[in-house]
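Notes to accompany the following structure.
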Amino acid sequence: VRILYLGRLQDVAGTRAAQIDLPEGVATAEAVRTWLSREEPALGAALGDPSVRIVVNDAVARADHPVGPEDEIAFLPAVSGG
Amino acid sequence: MISVQEAPFDPGAEERRLAEACPGAGAIVSFTGLVRGRSGGADVAELELDHHPRFTEKVVREIAEEARARFSLLGVTIIHRYGRLNPGEAIVLAAAAAEHRRAAFEAVDYLMDRLKTEAPFWKREHGPDGSRWIEARPGDWTDRARWDRGT
């Protein structure tokens with residue numbers, strides 16, 4: 001999957017975009033967040049903030065939204081606005 | 001016309017384009033937002049805007065459509081830039097065409113209040129003292145709430 005860290009999350013992640021292979025069993029939006037958080041605890045704290053939304057491809061995803069290898073998963077912190 | 005783009009735009013030309021696209025309009029109201037050179041008492045050398053490659057434009061489009069329906073607009077233009085901008089540059093244009101002026105004025109006010117609170121942009125100011133991410137001001141949400149009318 002392709003992961004996008006938008007806004008201030010890119011500073012925590014150290015990158016704005018990453019291509020990663022999900023381990024078997026990580027198949028929902030929330031599972032991706034949990035897995036990334038476990039891999040990198042500092043990032044986990046940032047991703048776990050209740051204001052962070054997950055957008056899969058081009059729509060806000062619920063926690064149980066299924067994700068596969070071709071999907072793009074973006075983590076959106078609170079917006080600055082236009 | 002809705003556009004989320006890196007390139008600069010010409011507000012005057014966009015307003016004329018909207019007028020030409022809406023021959024029945026009796027009113028065009030246009031707002032152009034510029035990058036400020038000072039923020040919170042500090043100089044800003046550059047404003048960086050991060051955005052989502054598709055979701056940002058989708059949300060902007062939804063806001064435009066809701067304004068069009070709510071104020072019976074004949075046309076709407078929103079252009080919003082991303083990337084790195086210098087003070088004085090136009091960052092956003094919101095324009096509305098309507099039969100009468102009140103709807104056009106209100107629609108642009110509404111568009112900007114929605115954009116300021118909901119448009120998925122993340123701003124980072126770069127200045128002589130480093131850089132910082134900025135968040136929507138509480139006042140932006142108060143402005144936004146004026147349009148709720150309990151709906």
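Every chain is numbered from 1, with letters handed out A, B, ... down the list of sequences.
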Under 4.5 Å between side-chain heavy atoms, hopping through other hydrophobics if needed: is there a path connecting B:F9 to B:V4?
no
Can you tell which part of B:H52 gets under 4.5 Å to a heavy atom of chain A, answering side chain, backbone, both or neither?
both
Which atoms of A:L6 come close to chain B, meaning under 4.5 Å heavy atom to heavy atom: side chain ones, backbone ones, both, or neither?
both
Got a second to check how far A:S51's OG is from B:E135's CD, nearest 0.5 Å?
7.5 Å
Are B:V35 and B:L115 connected in the hydrophobic side-chain network, where two residues link if heavy atoms are under 4.5 Å apart?
yes
I'd like to know whether CG of A:D64 has more than 12 heavy-atom contacts from other residues, nucleotides or ligands below 6.0 angstrom.
yes
Is there a path from B:L49 to B:I63 through hydrophobic residues (I, L, V, M, F, W, Y) whose side chains come within less than 4.5 Å of each other?
yes
Heavy-atom count check: over 12 atoms from other residues, nucleotides or ligands less than 6.0 Å from A:E70 CD?
no
Indicate yes or no: at least one non-hydrogen side-chain atom of A:Q10 is less than 4.5 angstrom from one of B:D50.
yes
Linking I/L/V/M/F/W/Y whenever their side-chain heavy atoms sit closer than 4.5 Å, directly or via other members, would A:V60 and A:V52 fall into one cluster?
no
Check B:P53 against A:L4 and note the closest heavy-atom contact, atom names and distance.
CD-CD1, 3.8 Å
Determine, step by step, whether B:F55 and A:R53 satisfy the side-chain contact (heavy atoms from CB on, under 4.5 Å) criterion, reporting the C-alpha distance in whole Å, the side-chain angles of both residues, the deciding distance to 0.1 Å, and the verdict.
CA-CA 12 Å; B:F55 181 66; A:R53 289 182 294 172; 4.2 Å; yes
Portion of B:K123 that has a non-hydrogen atom of chain A nearer than 4.5 angstrom:
both
Inspect the surroundings of CZ in A:R16 and state if more than 12 heavy atoms from other residues, nucleotides or ligands are less than 6.0 Å away.
yes
Point-to-point distance, once rounded to the nearest 0.5 Å, from CH2 of B:W122 to CG of A:L76:
3.5 Å
Just give me the residue among B:E118, B:R132, B:K58 that pairs up with chain A most often, heavy atom to heavy atom, under 4.5 Å.
B:K58
Shorter than 4.5 Å, heavy atoms on both sides: which option in B:V92, B:T56, B:V59, B:I134 has the most such pairs with chain A?
B:I134
Lys/Arg N to Asp/Glu carboxylate O, A:D11 vs B:R124, below 4.0 Å:
yes
For the OG atom of A:S80 and the CZ atom of B:R137, what is their distance to the nearest 0.5 Å?
12.5 Å
Cluster overlap B:Y110 with B:I79, hydrophobic side-chain contacts below 4.5 Å
no
NE2 of B:H100: more than 12 outside heavy atoms within 6.0 angstrom?
no
Assert top hit (heavy-atom pairs under 4.5 Å, partner chain A, pool B:E48, B:H51, B:M112) equals B:H51
